[in-house]
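All values derive from a computational prediction rather than experimental measurement.
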Amino acid sequence: MSTKEIEILLEKYFEASTSVEEERILREFFQRENIPAHLKSLQPLFRTMKVESGIKSPVDHEILLIEKISPVKKNPFYSNRRLYWISSIAATILLVLSIIFLKERENKPLSNNYSPDEVQLALLQTTEALNFISLKLNKGTSELSQLEKIDYTRVALENIARLDQGMGQMQSGFSRVDEGLGQLNKLSKLNLITNQ
Amino acid sequence: MTANEFCNRVLPLQDKLHRLALRYFNNTEDSVDAVQEVFYKLWLQKEKLDSFRSVEAFALVITRNHCLDRLKAKGFQHAKLETVQHPVDQQSPYRIAEQKDELAMVNQLLNQLPEMQRNVLHLRDIEGMELEEIAEILEMNPVAVRVNLSRARKFIREKLIAIQNYEYKGD
């Protein structure tokens, strides 16, 4: 496009009567380096427009919007608590496993490395210990006899049930009193009539 | 409008809305905040968006209003819309020209325009919109848009010529 044509377009441009397409031609023209001296002053305008129209949002607003509208926000306390639970269960399992493992390692040498005498002694000691345990258990059983006291309490509770019976009797007594009062009332009314 | 349609038709406007907000705030941070709030507002009324002839025009109107409100709230302007000035410290365009920062210089000149003229120039020369579309967004008639556009362009031309002459004198 010749300089003359550009000048004509520029004239239209400043009267705001160029089309979008003509303005695009002008903008492209001014991106060049060798601009006629008398048009040079306008170059910053068209170059700036080109740059500015290429500016993009530095963030993705879709992500920002989703963040803003998502109803459930992640609760750090909740997830921490869950983490505690999981880690405590894991620790327990680890502890049990290591105890089983250690026991198994302890048990192995028992049958191999001890003399018959030692085994005998261990058996005796074990028997003694078991006896001791059964003795204590027996003592515990005798204390269970205290449970009999519960029976006394049950009897006492039965007495309370009798209260209910008494209440029933009282009620029927009251209703009879009521009846009697009604009759008295009638009598007094009769009295009144006869007086008149 | 469904969430899906919102993603396909409204969210792609983000660059355009960002550029418009940038005209008002002259900094990226405020512009991003503004556009974020605009999208939230649009999201809340997404059922209503179908009733507008142009969702884009409506989004631009919301952005403009939001920016003006924000500037008002910040106390940057106390007069009518027509005289909204930019909050940035007005550095002399001549000084900037000396620094050979073409972009900053032109933006400085754009900032000196009344809000209406600046908007018209922005929507036409940077967004390439038709005068009728601009008229709809700014609620003016197309003739008034043309007048404002012509004035804005001539103002910039005058200033640019003055700056060039100053530079020559300086050399």
Answer key: most heavy-atom pairs under 4.5 Å with chain B among A:Met49, A:His61, A:Glu52 is A:His61
* Is it possible for you to check whether A:Lys68 lies under 6.0 Å from the centre of the six-membered ring of B:Tyr40, through NZ or CZ, and within 45° of that ring's axis? => yes
Applying a strict 4.5 Å limit to non-hydrogen atoms, the region of A:Phe46 in contact with chain B is neither
Is any side-chain heavy atom of A:Ile55 closer than 4.5 Å to a side-chain heavy atom of B:Asp15? no
- Message: Counting neighbours of CZ on B:Arg151 that are heavy atoms of other residues, nucleotides or ligands and sit closer than 6.0 Å, is the number greater than 12?
- Response: no
d(A:Tyr13 OH, B:Lys154 NZ) to nearest 0.5 Å is 12.5 Å
Bottom line for B:Glu127: the part with an atom under 4.5 Å from chain A's heavy atoms is neither
Between the CD1 atom in A:Ile66 and the CZ atom in B:Phe39, the distance rounded to the nearest 0.5 Å is 12.0 Å
message: Count I, L, V, M, F, W, Y as connected when their side-chain heavy atoms are under 4.5 Å apart, and connections chain through other members. Are A:Leu42 and A:Ile8 then in the same cluster?
response: no
Notebook entry, point to check: Can you hop from B:Val120 to B:Val143 via hydrophobic side chains spaced under 4.5 Å?
Noted result: no
So, the part of B:Leu160 with a heavy atom under 4.5 Å from chain A: the answer is both
Taken to the nearest 0.5 Å, the spacing of B:Leu110 CG from A:Thr48 OG1 works out to 8.0 Å
Applying a strict 4.5 Å limit to non-hydrogen atoms, the region of A:Val20 in contact with chain B is both
Exam field: side chain A:Arg27 to backbone B:Asp125, donor-acceptor pair closer than 3.5 Å: yes
Side-chain donor or acceptor of B:Arg19 paired with backbone N/O of A:Ser53 under 3.5 Å
yes
In short, B:Arg124 meets A:Thr18 closest at the heavy-atom pair NH2-O, 2.8 Å
Just wondering, more than 12 heavy atoms not from A:Gln31 lying within 6.0 Å of its CD? yes
Taking every heavy atom of A:Val59 against every heavy atom of B:Val32, the minimum-distance pair comes out as CG2-CG1, 3.6 Å
When rounded to the nearest 0.5 Å, the distance separating CD of B:Gln36 from CD1 of A:Ile63 is 11.5 Å
dist A:Phe14:CZ -> B:Glu158:CD (nearest 0.5 Å) comes out at 10.5 Å
Looking only at B:Leu131, B:Ile156, B:Val35, B:Leu44, the option with the highest number of non-hydrogen pairs under 4.5 Å against chain A is B:Val35
In short, A:Ser41 meets B:Gln164 closest at the heavy-atom pair CB-OE1, 3.1 Å
Closest heavy-atom pair, A:Ala16 versus B:Arg153, reported as atoms and distance to 0.1 Å, is CA-NH1, 3.6 Å
Distance col, row B:Leu22:CG vs A:Ser57:OG, nearest 0.5 angstrom, shows 10.0 Å
A:Ile69-A:Leu64 co-clustered via ILVMFWY side chain contacts under 4.5 Å
no
When the 4.5 angstrom heavy-atom criterion is applied to A:Leu65 and chain B, the contacting part is side chain
Look at atom CD of B:Glu47 and say whether more than 12 heavy atoms of other residues, nucleotides or ligands are closer to it than 6.0 Å.
yes
Looking only at heavy atoms, the pair that brings A:Glu62 and B:Leu11 closest together is CG-CD1, 3.7 Å
Exceeds 12 heavy-atom contacts within 6.0 angstrom, atom CZ of B:Arg53
no
message = Is there a path of hydrophobic side-chain contacts, each under 4.5 Å between heavy atoms, that joins B:Met129 and B:Phe52?
response = yes
Honestly, the part of A:Lys40 sitting under 4.5 Å from a heavy atom of chain B is both
Tell me if the CD atom of A:Gln120 is crowded by more than 12 foreign heavy atoms within 6.0 Å. no
Hey, any chance B:Val147 and B:Met116 share a hydrophobic cluster, counting ILVMFWY side chains that come within less than 4.5 Å of each other, even indirectly? no
Under 4.5 Å to a heavy atom of chain B? For A:Arg24 that would be neither
Ranked by heavy-atom pairs below 4.5 Å to chain B, first place among A:Ser19, A:Ser17, A:Pro58, A:Pro44 goes to A:Pro44
Honestly, the part of A:Glu15 sitting under 4.5 Å from a heavy atom of chain B is both
